[in-house]
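Inspection log for the structure reproduced underneath, given as structure tokens.
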Amino acid sequence: MSGGGGVWSRDFTLFFVARAVARLGDTMLPVALAAGLLERGYGAGAVGLAMAATAAAFAGLVVFGGVVADRFSTRKLMIGADLVRLGTQSLAAGLFFADHVVLWEICAIGLANGVAGAVFQPGVASTVPRLAADIQSANGAIRIAESAAQLAGPALAGLLVGFASPGGVFAAHAATYAVSALCLLLIRMPPLAHGERPVGRGARAFRADLVEGWHEFRARTWLWGVIAVWCLYMIAVWGPSVPLVAAEVVQHHGPRAYGLVNSALGAGTVVGGLLALRLRPRRMLRAGAIALFGFVAFPASVGAGLGLPAMAAGAAVAGAAMSFWSVMWATSVQTQVPADVLNRIHAYDVAGSLAMMPVGQALAGPAASALGAGHVLLVSAAASVVVALALLSVPAIRDLVRADATPRRGTAIPRPTRTEHG
């Protein structure tokens with residue numbers, strides 16, 4: 001069936017712009033860090049350390065951010081996180097403009113950004129169903145915007161580095177957080193329905209909320225089952241694929257070819273988002289898992305040493321597959337999980353999804369040295385098929401039926417919860 005309306009309200013449009021602009025800035029950051037640090041005599045290890053500072057803080061604290069988001073106004077928390085990152089990235093821009101760049105300072109800024117991101121991200125999941133009646137279409141639209149930003153951000157950053165300086169990219173990145181904060185400030189957030197849940201104070205209440213979120217997470221086999229399978233995906237598929245595809249394509253075809261493959265991957269994610277806007281399967285996770293079989297084309301085409309057109313086509317198919325799955329998954333979580341624990345559940349989802357990626361990346365190098373990068377990529381291709389089969393083998397995942405009634409705005413989940421005046 002084709003999709004319906006109920007997406008482009010004033011408030012959802014503001015949220016959409018906030019997410020798209022912030023994503024554009026985030027995709028510019030790696031270029032700015034690499035160009036700025038390398039220009040000042042630091043090596044690739046320093047670039048990785050600066051990026052790792054943000055990733056480590058985010059992954060380590062996002063679960064706690066989920067508890068905070070379920071206890072306070074998510075909109076105010078997200079605005080505050082954006083303002084923090086506006087300040088940190090403005091500071092980074094000033095350091096680069098003044099040619100006073102010290103690695104520990106850049107890492108400290110990255111650490112602060114990671115903490116802010118851990119506070120911001122859990123609220124995204126609960127905001128979408130409160131602003132859009134058609135949750136699946138809303139997720140599809142956001143996915144398309146993020147994919148377009150993924151394509152445009154690095155190119156824009158390259159232009160800014162060429163015509164201005166790395167400091168100019170940091171300034172532009174700071175400006176994206178200002179735009180995001182302004183859009184969020186202008187949103188009229190509808191209150192959550194069905195009464196108010198008392199919110200306890202102190203460390204004991206905080207721990208109780210953390211434990212409650214964990215119990216709600218464990219109580220849903222389809223939820224923790226997907227995360228468990230996703231750990232395998234991160235270790236055996238995505239973790240090794242990212243660095244090894246880059247190495248193989250650049251080594252055999254040059255950096256421009258790698259840029260083309262990345263662009264094809266991004267274009268594929270746009271296509272997947274468009275498909276998710278139109279297709280409305282009754283069993284969303286089953287449809288998403290079937291789509292994931294398409295991801296095999298990416299590591300398989302590179303690992304088999306096929307030509308550049310075949311690799312670009314494989315990347316496009318993989319991007320579409322991953323994008324479609326992502327929308328099916330996000331919509332399932334947002335429509336099946338009670339509103340008063342949704343931020344915590346989303347935080348466990350994010351933390352679980354990211355936890356094993358560094359392991360896969362760390363194992364990629366030794367595995368490539370022992371077997372050859374091409375063979376490791378072929379193993380990753382086979383593992384991607386195993387992941388899709390594993391998702392389909394769990395009845396709770398493949399048989400989960402979509403929420404039949406489209407929730408009204410402000411009443412996304414039918415479980416009693418507290419009121420939030422955002």
Side-chain angles (χ1 to χ4, degrees), residues 27 29-31 33-34 37-38 43-56 58-60 110 114 150 154 227-255 257-266 268-269 292-306 308 310-312 314-319 321-322 325-326 350-390:
T27 60
L29 183 59
V31 177
L33 279 174
L37 291 176
L38 293 174
V47 178
L49 186 62
M51 293 181 181
T54 301
F58 178 84
Q150 187 75 43
I227 298 302
V229 173
W230 218 245
C231 289
L232 170 63
Y233 177 84
M234 285 295 176
I235 293 174
V237 183
W238 186 254
S241 289
V242 172
L244 295 183
V245 164
E248 284 292 282
V249 175
V250 170
Q251 180 179 352
H252 297 292
H253 301 276
Y258 180 59
L260 177 62
V261 170
N262 259 347
S263 296
L265 184 68
T269 61
L292 273 181
F293 282 108
F295 192 86
V296 68
F298 187 32
S301 60
V302 179
L306 303 183
L308 183 58
M311 288 190 293
V317 171
M322 179 58 65
W325 160 263
S326 297
V350 172
S353 298
L354 294 178
M356 294 297 106
M357 184 169 67
V359 177
Q361 291 173 331
L363 293 175
S369 298
L371 304 174
H375 289 104
V376 175
L377 286 171
L378 291 176
V379 171
S380 293
S384 71
V385 175
V386 172
V387 163
L389 289 172

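Below, each value reflects all heavy atoms present in this structure, side chains not excepted, and no hydrogens, waters or symmetry copies. The shown structure was predicted, so the numbers you read here are calculated from the model rather than taken from an experiment.
Side-chain contact between V296 and V317 is absent, with no heavy atoms from C-beta onward closer than 4.5 Å.
Here the CG atom belonging to L260 is positioned 11.5 Å from the CG atom belonging to L265, to the nearest 0.5 angstrom. Here CH2 of W238 is found 6.0 Å from CE of M322. Values are rounded to the nearest 0.5 Å.
Taking all atoms of both residues into account, the shortest heavy-atom contact from M311 to V302 is SD-CG2, 3.7 Å.
Note on ring orientation: taking the six-membered ring where Trp is involved, the planes of W325 and W230 are parallel (angle under 30°, cut-offs 30° and 60°).
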Solution key, residues 371-384 side-chain donor-acceptor pairs under 3.5 Å, sequence neighbours excluded:
| residue | atom | partner | partner atom | Å |
| --- | --- | --- | --- | --- |
| H375 | ND1 | L371 | O | 3.0 |
| S380 | OG | A236 | O | 2.8 |
| S380 | OG | V376 | O | 3.2 |
| S384 | OG | A381 | O | 2.5 |

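Partners of A388 by side-chain contact (heavy atoms from CB on, under 4.5 Å), not counting sequence neighbours, listed by chain and number: L292, F293. Contacts of I235 classified as side-chain contact (heavy atoms from CB on, under 4.5 Å), with partners at least two apart in sequence or in another chain: M356, V359, L363.
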